[in-house]
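First listed ligand is number 1; within each ligand, the first listed atom is number 1. Numbers here simply count residues along the sequence, with the first being 1.
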Amino acid sequence: MIRAGVGRDLHRLAKGRRFLLGGIEIPFDKGELGHSDGDVLAHAVSDALLGAAALADIGELFPPSDPAWKDADSLTLLKEVCQKVREAGWRLVNLDCVVVAEEPKLLPYREAIRSSLASVLGVETGAVFVKGKTNEGLGPLGSGEAVEALAICLLERPQAPKDGEA
Ligand code: MG
């Protein structure tokens, strides 16, 4: 049995914050605002995995209202998500992502981001891909006010769920 999942996230950018993508810090004069460390890509990937497994969404698991998640390391949260997905019997086949930001350029960091995500997800780097896109200068993404991430994943598990099971 296979299932696809999609995740999307957006964070405002602000001075004095780290710009993190999939656990890799990219040198830039702004970074993601967020209750956690703001890693927009880790959040989109978490939601894709949770959605494919029909388990929850990241806001339910790690509510921004809970002080426990203040400045939380998003890779730790992603690890927890992976654990839940694995416990439900699912294995990740592949993950593909798009990060939309006018700046900074993602390409020089792409391999580091792929390796970082793959190691947390427990898959080969070849099963993870990430692409950077600009927003052609349009809207809040184009003016550098925000960064967006999209993720799609494919999960598989040996047998179909029984009736009433997620
Ligand atoms: Mg987020």
Side-chain angles (χ1 to χ4, degrees), residues 3-86 88 90 92 94-106 109-110 112-123 128-135 138-155:
R3 290 255 191 99
V6 65
R8 181 259 180 192
D9 197 20
L10 179 145
H11 280 251
R12 287 174 187 267
L13 291 172
K15 300 234 182 248
R17 295 279 301 183
R18 297 194 296 156
F19 195 102
L20 288 165
L21 290 178
I24 299 299
E25 184 166 352
I26 297 181
F28 193 51
D29 66 339
K30 288 186 279 187
E32 296 121 323
L33 268 179
H35 183 67
S36 67
D37 64 13
D39 190 328
V40 71
L41 180 57
H43 297 175
V45 170
S46 297
D47 260 349
L49 291 166
L50 289 168
L55 287 174
D57 69 53
I58 189 175
E60 268 178 281
L61 286 186
F62 313 111
S65 55
D66 186 340
W69 312 122
K70 176 143 174 55
D71 299 322
D73 174 352
S74 296
L75 286 195
T76 305
L77 308 186
L78 178 57
K79 245 176 235 165
E80 216 168 296
V81 164
C82 286
Q83 180 74 19
K84 285 183 190 301
V85 168
R86 246 193 308 270
W90 294 101
L92 178 63
N94 83 303
L95 169 76
D96 189 22
C97 310
V98 180
V99 175
V100 187
E102 216 61 24
E103 283 183 294
K105 288 287 171 224
L106 179 145
Y109 305 94
R110 188 182 69 195
I113 295 167
R114 291 177 69 199
S115 302
S116 168
L117 287 174
S119 112
V120 172
L121 299 168
V123 295
V128 176
F129 207 74
V130 183
K131 301 170 294 288
K133 303 292 286 183
T134 73
N135 213 43
L138 295 171
L141 292 167
S143 63
E145 282 172 71
V147 54
E148 180 183 48
L150 308 159
I152 184 164
C153 72
L154 201 64
L155 301 183

Asp57 side chain near Glu60 side chain, heavy-atom distance below 4.5 Å
yes
I'd like the atom name of the N/O/S atom in Asp9 lying closest to the Mg ion (ligand 1).
OD2
Atom name of the N, O or S atom in His43 that lies nearest to the Mg ion (ligand 1):
ND1
Under-4.0 Å salt bridge between Glu32 and Arg17:
no
For a side-chain contact (heavy atoms from CB on, under 4.5 Å) check, start with the C-alpha distance between Ile113 and Leu106, then their side-chain angles and the critical distance, and finish with the verdict.
CA-CA 9 Å; Ile113 295 167; Leu106 179 145; 4.1 Å; yes
Among side-chain atoms of Ser65 and His35, is any donor-acceptor pair under 3.5 angstrom?
no
Let me check your reading of the structure: within less than 2.8 Å of the Mg ion (ligand 1), is there an N/O/S atom from Asp39?
no
